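Working notes, beginning with the structure itself.
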2 protein chains.
Amino acid sequence: MSTKTKVTIHDIAEKLNITASTVSRALNDNPRISDATKKAVLKTAKQLNYQPNNIAAALRHGKSYIIGVIVPTADRFFFASVVRGIEEIANNLNYKVIICQSYDNYEKEVQTIEALLNARVDGIIASIGKNTENFDHFKKVQSKGIPLVLFDRTTDELEVSQVMIDDYLGSYKTVEHLIQQGCRRIAHFTSPKKVSVFKERLRGYTDALRDYEIPYDEQLVIKSDLQLEDGRESMKKLLKLKQMPDAVFSASDYAAMGAMQVLKERDIQIPEQVALAGFSNEPFTSFTDPPLTTVDQRSIKMGNITAELFFEHFKAGEKGIVSQKTVLKPELIVRKSTLRK
Amino acid sequence: MSTKTKVTIHDIAEKLNITASTVSRALNDNPRISDATKKAVLKTAKQLNYQPNNIAAALRHGKSYIIGVIVPTADRFFFASVVRGIEEIANNLNYKVIICQSYDNYEKEVQTIEALLNARVDGIIASIGKNTENFDHFKKVQSKGIPLVLFDRTTDELEVSQVMIDDYLGSYKTVEHLIQQGCRRIAHFTSPKKVSVFKERLRGYTDALRDYEIPYDEQLVIKSDLQLEDGRESMKKLLKLKQMPDAVFSASDYAAMGAMQVLKERDIQIPEQVALAGFSNEPFTSFTDPPLTTVDQRSIKMGNITAELFFEHFKAGEKGIVSQKTVLKPELIVRKSTLRK
DNA sequence: TCAGTTTGCGTAATCGTTTGCGCAAAGTAG
DNA sequence: CTACTTTGCGCAAACGATTACGCAAACTGA
């Protein structure tokens, strides 16, 4: 049975005939407090069922020990993994992470930032929503001197530290691989959005084609929202062309999966007739039939690095440090969907 | 350019020659404040770039407007969806949700609870970790009078409101469906853990067999952690039996997927030789080959209801209301992996 | 033994809001 | 015009912790 009344350090001070300051110091293991007193305090704390009030502490010293993480959606393996990577580091340093989802909705992203600022988080780590084209809310964060680090979905319109993978390289290597497998008419699924990752993947695609002297064919580049259903539609469009592509490189695993479905429905052999590659290394790609070639984004590593970078900024504090851009090397995961051997 | 010095309601009060109380009331739209004053306050607030400090407010009135949600892992579609469902309701009521992952780790679950209590969240919504067998940390939450609602992974050892699906029914219907498809040797993948959902699914399995007068064969019930790899191992064990099963009903989609891989590797026809069903309706189940029959858990709905139930408790406050158990009806999603037609 | 240091703790201010109470001015009723 | 209610706001005490400063007692070294 517990007392309904909240017990504070004053209560435990009173019980011990000492002051709240001493209790506070004892609980924080201050060297100026004798071991005897510390033990007594700890003991009565348990006894009274004392629960520290972080809110009060946070108010007092302006730190909440909470960092806000904003992701478009937490149910994508990639983002979930990055969050995990961030948590690993943050928890070690005794920070809590509060995860917010923007659902790729600009309004919600703005509101979330505002809420995090009101909640006085010690910093924000974010991946920008697909539809975000105005970055004032992020600028506001910076102007308040609150550490901000972006990962994966970043932008150059902000002078901010960011961590991403080399989307260009991942894309280039994938297309190169397809070419080495003998493909010559390689299609690409991309997004019309301003998010740099997709632009980079497109650039890797075109550059690889150019370097291998394969003509760029506008018809083979299909823009969509890159969900599974979009992949289906895009694939159908491709199949209507006079000349079918012999490979499809999708900037998203989901869209690649959609394409795979359509190909299988029409009994088009993968990879013999059409080789297929995705991007992100979603878990399901390893057990599609055939398993899907894709690009691993080093998600956990990215989370770790993002968090570490964040804490660097954090420690630098008001002085601030020059914002830096960390680029991770992606890994091409070759599976049967592109192996024509 | 922004002032580094934090601006408070006192600053805006000073500028207007009124007191902080008035400013506070104006910002909170208190009826006792004139419209003129309110407008002036709002205006200078913008002007000074005032940012409310929720920490101070929370300290003052003991409410943080934050509720903690604990899930084993956020990268499972089911949990991510429930979280989404919870957020929908919570955001409408102006509550923020902080998502914590226990990673099915008991220690971390306990620590997370402690951290949430310290952070003075207004309540906790949780799904219990797989390895949790002691519930004192949840009891502590309750003893502090903090609203607690469990979903999906619940326990009867706690007198607490909970929301779940009828795992028994979902399981029963699945097995019934398999029987109707002509299967007679139906295996079941389950977990050794104390989590009620798996026990219920097992009960549905055995009851369906009994009702259809199919003998229960202990050899056909395989316990594991139900990950994909476990599914592979379990399937291999089954294939070593003198008599092969003609159906596998896995309590997890991932384990079912593992089984599917093994079956395909050995050229065993699905569903002709072995029918296969999973549980949870993970997104990937719709695009496996063949698509996997599974049970949908009404995840968004579950999130909505959980949150609503939570807020009921919340409003009831100290008085408390009788804890209630809400059971949702699951939906059997029949796909090709079990359709022998 | 005495000045100087260390140890151990108390005093009181502070973080930024909220809110019960009070009070004058303005409005309303009779 | 009196008495009462409303309107609009100020005063000051919270909320629960932290911390700069101070001060005695104990300890240290020469």
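Only a predicted model underlies this, so the values are computations on that prediction, with no experimental measurement involved.
In this structure, the side-chain contact (heavy atoms from CB on, under 4.5 Å) partners of Q111(A), at least two apart in sequence or on a different chain, are E107(A). Under the salt bridge (charged side-chain N to carboxylate O under 4.0 Å, His left out) criterion, R84(A) pairs with no residue at all, not counting sequence neighbours. K140(A) meets the salt bridge (charged side-chain N to carboxylate O under 4.0 Å, His left out) test with E114(A); sequence neighbours excluded. Residues satisfying the salt bridge (charged side-chain N to carboxylate O under 4.0 Å, His left out) criterion with K38(A), sequence neighbours excluded, are D29(A). Residues satisfying the salt bridge (charged side-chain N to carboxylate O under 4.0 Å, His left out) test with D156(A), not counting sequence neighbours, are K325(A). Checked against side-chain contact (heavy atoms from CB on, under 4.5 Å), P147(B) has the following partners two or more places apart in sequence or in another chain: F310(B), H313(B), F314(B). The side-chain contact (heavy atoms from CB on, under 4.5 Å) check on L42(A) picks up L27(A), with sequence neighbours excluded.
Of the residues in residues 33-46 of chain B, I33(B), S34(B), T37(B) come within less than 4.0 Å of DNA chain D through at least one heavy atom, sorted by number.
Ring-plane geometry between F151(A) and F78(A) is classed as tilted, the angle between the planes lying from 30 to 60 degrees on a 0 to 90 degree scale.
Within the nucleic acid shown, I55(A) has no heavy atom closer than 4.0 Å to any nucleic acid atom.
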Protein-proximity profile, nucleotides 17-22 of chain D, B/S/- by nucleotide at the 4.0 Å heavy-atom cutoff, equals BBBB--
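If you take CG of N30(A) and C1' of dG10(C), they are 13 Å apart, rounded to a whole angstrom. Rounded to an integer number of Å, the gap from L59(A) CG to dT17(C) C1' is 8 Å. Regarding N118(B), its CG atom lies at a distance of 19 Å from the P atom of dC15(D), rounded to whole Å. At whole-Å resolution of the value, CD in E14(B) and P in dC9(D) are 18 Å apart.
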